[in-house]
Amino acid sequence: MTIFFDDSQNIFHLSNNTISYIIGIEKEKYLTHRYFGPYLNSYHQVNQLQHIDRGFATNPISEERTFSLNTLPLETSTQGSLDYRVSNYQFRNSEGFRITDFVYDRFEILQGKSPLKELPSLRGETQQTLEIYLIDPVQSLEMVLRYTIYDDLPVITRNVEYQNNGVQPIYLENAGSMLLDLPRSDFDLLTLNGSHTNEATIHRQPLHPGIQKISSTRGTSSPQHHPFLGLADRYTNEDQGQVYGFHFIYSGNFVAQAEVEQYGSTRIQMGINPETFEWKLIPESSFQTPEVVLNFSEQGFNQLSQTFHKLYQNYLIPEYWQEQERPILLNSWEGNYFDFTEEDLISQAKQAHDLGIELFVLDDGWFGQREDDTTSLGDWVVNKTKLPNGIEHVADILHQQNMKFGLWFEPEMISVKSHLFEVHPEWSLQVPDYPQTQGRQQLVLNLSLPQVQDYLIQVLSNYLSSNKIDYIKWDMNRHLTEVGSFILPNDQQKEVSHRYVLGLYHILSEVTKQFPHVLFENCSSGGGRFDPGMVAYMPQTWTSDNTDALCRTQIQYGYSYLYPPIMMGAHVSDSPNHQVGRNTPLESRFLIAMSGNFGYELAIEKQSPQALAEIKEQITFYKKHRRLLQFGQFYRVKEIDSTYATAWLFKNETEALLVYSNGLAQPAQPVQYVKTNYLDASAHYKDTETGNIYSGSELNHAGILVPRIKGDFQCFYKHWTVLDELTK
C-alpha cells in the first residue's frame with residue numbers, strides 16, 4: 001500500500017495490491033480525476049486529458065479556449081465558477097454572493113486514519129491517508145480533501161473538511177463528501193430502494209443522459225432509498241464484471257446522484273442533502289463532512305459484497321463485537337404485543353430456555369401507562385401493573401437460568417400523552433406558530449438540544465448500570481417534521497437536521513463506550529435507518545418488520561450486497577404471517593431466518609408439541625453451525641428470478657452450507673442445477689446427509705440438482721464438511 005506524489009507529472013497515486021486511484025493537478029491549481037480501477041504498477045498518463053474548444057465552454061485562462069473546467073474530470077467542483085454540472089459544495093458570503101475560487105495549495109501524506117470529529121467513521125490505524133488542501137485566497141477559505149486507502153481491501157474512503165479562516169461569517173449551503181468524474185457512461189446504475197416492510201429492493205437500470213439521484217429529506221437515511229449507489233458494467237452479474245460501489249456513512253438526510261454529462265462522462269456525487277442543510281461557519285471554525293466508502297470489484301457483485309462485509313466487520317462495528325457470537329433470542333413483540341404480565345413473560349422465558357434459546361427480549365409495553373402506541377414514550381419508568389417487581393426481578397430470574405435479558409427502547413420519541421411532555425413540551429421538534437404533526441400519535445425529541453441528549457444518556461445509563469440488561473433494541477418509528485429549534489438564531493435553523501444526527505451520535509457514543517459489552521440492535525420500524533453510521537455503534541440491525549419468509553428472501557438478499565448476515569436481525573415468526581398473511585412451512589421460516597442474525601418472534605406458549613420439537617431441533621442445528629453462519633463467508637449463488645427462487649452459500653475452512661428457496665412452485669419444472677461457484681476447487685466435501693464425497697470443482701461447475709418441488713415457499717439446505725484427505 002502506497003501513496004506517493006510524482007512531482008514530475010504532478011500526480012498523486014494511491015495504490016495497494018488490487019486497486020489504483022490517481023489524481024492530477026492541472027495548471028498548478030485544479031484537481032483532476034485520472035484513474036480509479038485495477039492496480040497499475042506505473043502510470044505515465046497514457047489516458048491523457050482531451051482538450052477541445054467546446055461550444056459554451058467557459059475558460060479560466062481566456063486565451064486557452066481548449067481548457068475548461070466544465071469538460072475536465074474533476075475531484076471536486078461547485079456551481080457558479082466555470083462548471084455547470086452537479087456540485088459538491090457551495091458557499092454564500094455575508095453579502096449574498098455564492099462565488100468561490102478554490103485552487104490547489106499543498107498536501108500531506110499521513111500514516112494512519114484519524115477518527116472524524118463527532119461522526120462515525122471507519123477505523124484505520126495501519127492505513128495511509130492523503131490530505132489535499134485547497135484555498136480560496138479571496139475569502140480566506142480552506143478545503144481539505146481526505147483520502148484513505150486500505151492495504152488489504154480494494155477500498156478508498158473520502159471526506160471533506162471546510163474551514164473559514166476569514167474575519168466574516170460564511171454560510172456553507174452544500175457540504176458534499178465526495179465528487180468523482182469517470183470518463184464513460186455505459187454503466188448500469190444500481191440502487192436499493194423500497195418502503196417499510198419492503199426494504200432493500202434491488203433496482204438496476206442503464207444510465208441515461210441527465211441526473212439520476214436518490215435522496216432523503218425524512219431526517220434519516222430511510223427505507224425508501226438506501227445511501228448507496230453502484231455503477232456496473234452492463235454485463236456484470238454476481239460472479240463477473242466490474243462494479244464500483246459508493247456507500248455513505250451517515251444516518252440523516254442525504255443525496256447520492258449520477259450525472260451523465262454532454263460529452264459522455266459520469267459524475268458521482270454524495271453528501272448531506274443540501275435541500276435541508278446549511279451551516280454557519282464563523283471565523284476560525286470548520287465543518288466536517290461524513291465519510292464515503294469507494295469500493296471496486298473486478299469479479300461482480302459477490303466480490304463487491306465480500307469487501308463491504310470484511311470492511312464493516314473489521315473496521316466499523318464496535319471492536320468488542322467483531323468476534324463475539326450472537327445469542328439466539330426470543331422477542332416478545334409478535335407473541336404478546338402490549339398485552340402481558342410478569343408471569344406471562346417468565347413462563348415464556350422458561351419455555352424458551354428449555355428449547356435452547358439464550359436471550360429473552362422484552363419489547364414495547366413495559367413502561368409508563370403503555371397499553372397501546374398512543375402514550376408514554378419518554379416516561380421510561382416501569383409499569384408496575386404489568387411488572388410489579390420491576391425489570392430487575394425479571395432479569396434476575398432469567399440470569400439464574402443462564403439466559404440473557406434484553407429490553408426495548410424508543411429513546412428519540414415522545415408521546416403527547418406523557419409526563420415528560422407535560423414537563424418539557426419545548427423538548428420536541430417544533431416551529432413557532434405551527435402545529436406539531438404527530439406520527440403514530442408521537443412526536444420527535446429534538447436531539448440537537450444538549451439537555452435532551454443528557455436526559456437520554458442518563459435514562460439509558462440508569463438501566464444499564466445495574467448490569468441486569470444484556471441487550472438493547474433501539475427503535476425509531478417515525479420520521480422528522482417541523483424541524484426547528486428555539487435556541488438557534490434565524491440564520492442557523494437549517495442546521496437542525498444535521499445537529500439532530502450529531503446529537504444521536506453523541507448519545508450512542510457515550511452509552512456504547514460506557515457499556516461496551518451490551519449488545520445494541522438498531523431498529524427503525526425494521527430497516528428504516530439501516531446504514532453504516534448506525535452500524536458503527538450497533539453491530540446488528542432489525543432488518544425489517546416484515547418476517548414473512550418469502551419477503552425476507554428478497555430483503556435479506558438486497559441488504560447482503562452491503563452487510564454480512566451477522567448484522568441482519570432475522571426471526572422465525574408465526575404462520576400465517578402477521579404482515580402479509582402468508583402461510584409458510586416452519587422449516588422454510590427457519591432456513592431463511594437462520595441466514596441472518598437468528599431468533600424467534602412468536603407466541604411460544606401456543607405452539608403445538610410437534611412445532612416445539614421442530615424448533616428445538618432447529619436451535620440445536622443452528623448452535624452446531626453458528627460460527628459458519630455468523631462469521632463464514634457469504635455468497636449469493638442464484639439471483640432471485642421471476643418465481644422468487646434464490647440460493648446462497650456460507651463457507652469457511654471446515655464446512656459449507658447452501659440454502660435454496662423455491663419461491664413459487666412451477667408446473668413443468670425445468671431441470672435446474674445450482675453451482676456453488678466459491679468452494680475450494682482442490683478440496684473435497686462430504687455431504688453430511690448422504691455421505692457422498694465431491695470435489696469443490698465439481699460442486700462449483702457441475703452444480704447440484706434442484707429436486708422437483710411441489711408447493712410454494714419450500715426451502716432446503718445442503719451441508720458439507722471439508723475433508724483433510726480424500727478417503728478411498
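Here, residue 1 is the first one in the sequence, and each next residue gets the next number.
Residue Tyr557 holds its OH atom at 13.0 Å from OG1 of Thr201, rounded to the nearest 0.5 Å. Between the CD1 atom in Ile268 and the OG1 atom in Thr266 there is a gap of 6.5 Å [rounded to 0.5 Å]. The distance from the CD1 atom of Ile3 to the CG atom of Leu110 is 8.5 Å, given to the nearest 0.5 Å. Leu31 contributes atom CG, which lies 5.0 Å from atom CD1 of Ile132 (distance to the nearest 0.5 angstrom). In this structure, Gln128 CD and Leu130 CG are separated by 9.5 Å, a value rounded to the nearest 0.5 Å. Here the straight-line distance linking atom CZ of Arg184 with atom OG of Ser265 works out to 12.0 Å at 0.5 Å rounding.
Under the 3.5 Å distance criterion, with hydrogens and angles disregarded, no donor-acceptor pair is assigned to the side chains of Thr78 and Ser87. Side-chain polar atoms of Tyr250 and Thr289 form no donor-acceptor pair below 3.5 angstrom. Ser221 and Ser251 are not linked by any side-chain donor-acceptor pair at a separation below 3.5 angstrom, with hydrogens and angles left out of the test. A donor atom on one side chain and an acceptor atom on the other are not found under 3.5 Å apart for Ser140 and Asn165. Side-chain N/O atoms of Asn522 and Tyr537 include no donor and acceptor closer than 3.5 Å. Side-chain contact of Asn159 with Gln288: a donor-acceptor pair under 3.5 Å is present, judged by distance alone. Counted by atom type alone, Thr191 and Asn193 present one or more donor-acceptor pairs between their side chains at under 3.5 Å.
Within a 6.0 Å sphere centred on CD of Gln493, other residues, nucleotides and ligands contribute more than 12 heavy atoms.
When every heavy atom of Ser215 is checked against every heavy atom of His225, the shortest pair comes out as O-CD2, 3.3 Å. Residue Leu508 comes nearest to Met538 through the heavy atom pair CD2-CE, 3.1 Å, listed as atom of the first residue, atom of the second, then distance. The two residues Thr71 and Arg54 have their closest heavy-atom pair at CG2-CG, 3.8 Å. Minimum heavy-atom separation, Thr236 to Gly300: CG2-CA, 3.9 Å. Nearest approach of Phe248 to Ile272, heavy atoms of both residues: CZ-N, 3.7 Å. Summarising the geometry of Gly219 relative to Asn253, their closest heavy-atom pair is N-OD1, 2.6 Å, with the distance given to 0.1 Å.
Between the side chain of His208 and the backbone N or O of Pro206, no donor-acceptor pair lies under 3.5 Å. Checking side-chain atoms of Ser68 against main-chain N and O of Ala57 turns up no donor-acceptor pair under 3.5 Å. At least one donor-acceptor pair closer than 3.5 Å links the side chain of Asn273 to the backbone N or O of Phe254. The backbone N or O of Leu179 sits nowhere less than 3.5 Å from a side-chain atom of Gln269 that would complete a donor-acceptor pair. No donor-acceptor pair closer than 3.5 Å links the side chain of Glu26 to the backbone N or O of Lys29. For the pair Arg106 (side chain) and Glu131 (backbone), a donor-acceptor distance under 3.5 Å is absent. Gln9 places a side-chain N or O within donor-acceptor distance of the main-chain N or O of Tyr43, the cut-off being under 3.5 Å. No donor-acceptor distance shorter than 3.5 angstrom exists from the side chain of Asn16 to the backbone of Asp152, with no hydrogens or angles considered. A donor-acceptor distance shorter than 3.5 angstrom exists from the side chain of Gln212 to the backbone of Gly210, with no hydrogens or angles considered. With hydrogens and angles disregarded, a donor-acceptor distance shorter than 3.5 Å links the side chain of Asn302 to the backbone of Arg636.
Residues Pro532 and His247 are in side-chain contact: their nearest non-hydrogen atoms beyond the backbone lie under 4.5 Å apart. Within the 4.5 Å cutoff, the side chain of Ile214 has heavy atoms near those of the Leu229 side chain. The closest side-chain heavy-atom distance from Met534 to Leu504 is below 4.5 Å. Residues Phe631 and Ile566 meet the side-chain proximity criterion, which asks for heavy atoms closer than 4.5 Å. You'll find the side chain of Val535 reaches within 4.5 Å of the side chain of Tyr563, heavy atoms only. At a threshold of 4.5 Å between non-hydrogen side-chain atoms, the residues Met143 and Thr76 count as touching. When side chains are defined from C-beta on, Val46 does not count as touching His44, because their heavy atoms never get closer than 4.5 Å. Residues Val138 and Asp101 fail the side-chain proximity criterion, which asks for heavy atoms closer than 4.5 Å.
Between Asp181 and Arg85, at least one side-chain N (NZ, or NE/NH1/NH2) sits under 4.0 Å from a carboxylate O, which counts as a salt bridge. Salt-bridge annotation for Asp186 and Arg234: absent, with no side-chain N of the basic residue lying under 4.0 Å from a carboxylate O of the acidic one.
In this structure, the ring of Tyr315 has its center less than 6.0 angstrom from the ring center of Tyr150.
Contacts of Gln48 classified as side-chain contact (heavy atoms from CB on, under 4.5 Å), with partners at least two apart in sequence or in another chain: none. Checked against side-chain contact (heavy atoms from CB on, under 4.5 Å), Glu173 has the following partners two or more places apart in sequence or in another chain: Gln90, Arg92, Arg98, Glu278.
The aromatic rings of Tyr559 and Phe530 lie tilted to each other, with the angle between the two planes from 30° to 60°. Ring geometry, Phe4 versus His13: the interplanar angle falls from 30° to 60°, so the pair is classed tilted. The aromatic rings of His309 and Phe634 lie tilted to each other, with the angle between the two planes from 30° to 60°. The aromatic rings of Tyr561 and Phe301 sit tilted relative to each other, their planes meeting at an angle between 30° and 60°. The aromatic rings of Tyr244 and Phe296 sit tilted relative to each other, their planes meeting at an angle between 30° and 60°.
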Practice task
Carefully, step by step, assess Leu562 and Leu192 under the rule side chain to side chain contact (heavy atoms under 4.5 Å, CB included).
Solution key: CA-CA 10 Å; Leu562 306 172; Leu192 299 181; 3.6 Å; yes
Exercise for the section: Please step through side chain to side chain contact (heavy atoms under 4.5 Å, CB included) for the pair Ile109 and Thr129, ending with a clear verdict. Expected result: CA-CA 6 Å; Ile109 297 174; Thr129 298; over 6 Å; no
Practice task
Mind running side chain to side chain donor-acceptor pair (under 3.5 Å) on Glu28 and Asn10 for me, showing each step along the way?
Solution key: CA-CA 8 Å; Glu28 304 295 330; Asn10 261 2; 2.9 Å; yes
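Note that Lys651 lies outside the cation-pi zone of Tyr678, set by a 6.0 Å cut-off to the ring centre and a 45° limit from the axis.
Residue pairs meeting the ring-ring contact (aromatic ring centres under 6.0 Å, His included) criterion with at least one member in residues 92-143, sequence neighbours excluded: Phe5-Phe107, Phe12-Phe107, Tyr89-Phe102, Phe91-Phe102. Residue pairs meeting the salt bridge (Lys or Arg N to Asp or Glu O under 4.0 Å) criterion with at least one member in residues 156-167, sequence neighbours excluded: Glu75-Arg158, Lys117-Glu161, Arg146-Glu161. Judged as a ring-ring contact (aromatic ring centres under 6.0 Å, His included), the pairs with a partner in residues 263-282 (not counting sequence neighbours) are, in order, Phe277-Phe287, Trp279-Phe287, Trp279-His498. Pairs passing the salt bridge (Lys or Arg N to Asp or Glu O under 4.0 Å) check and including a residue from residues 281-300, sequence neighbours excluded, read Lys113-Glu291.
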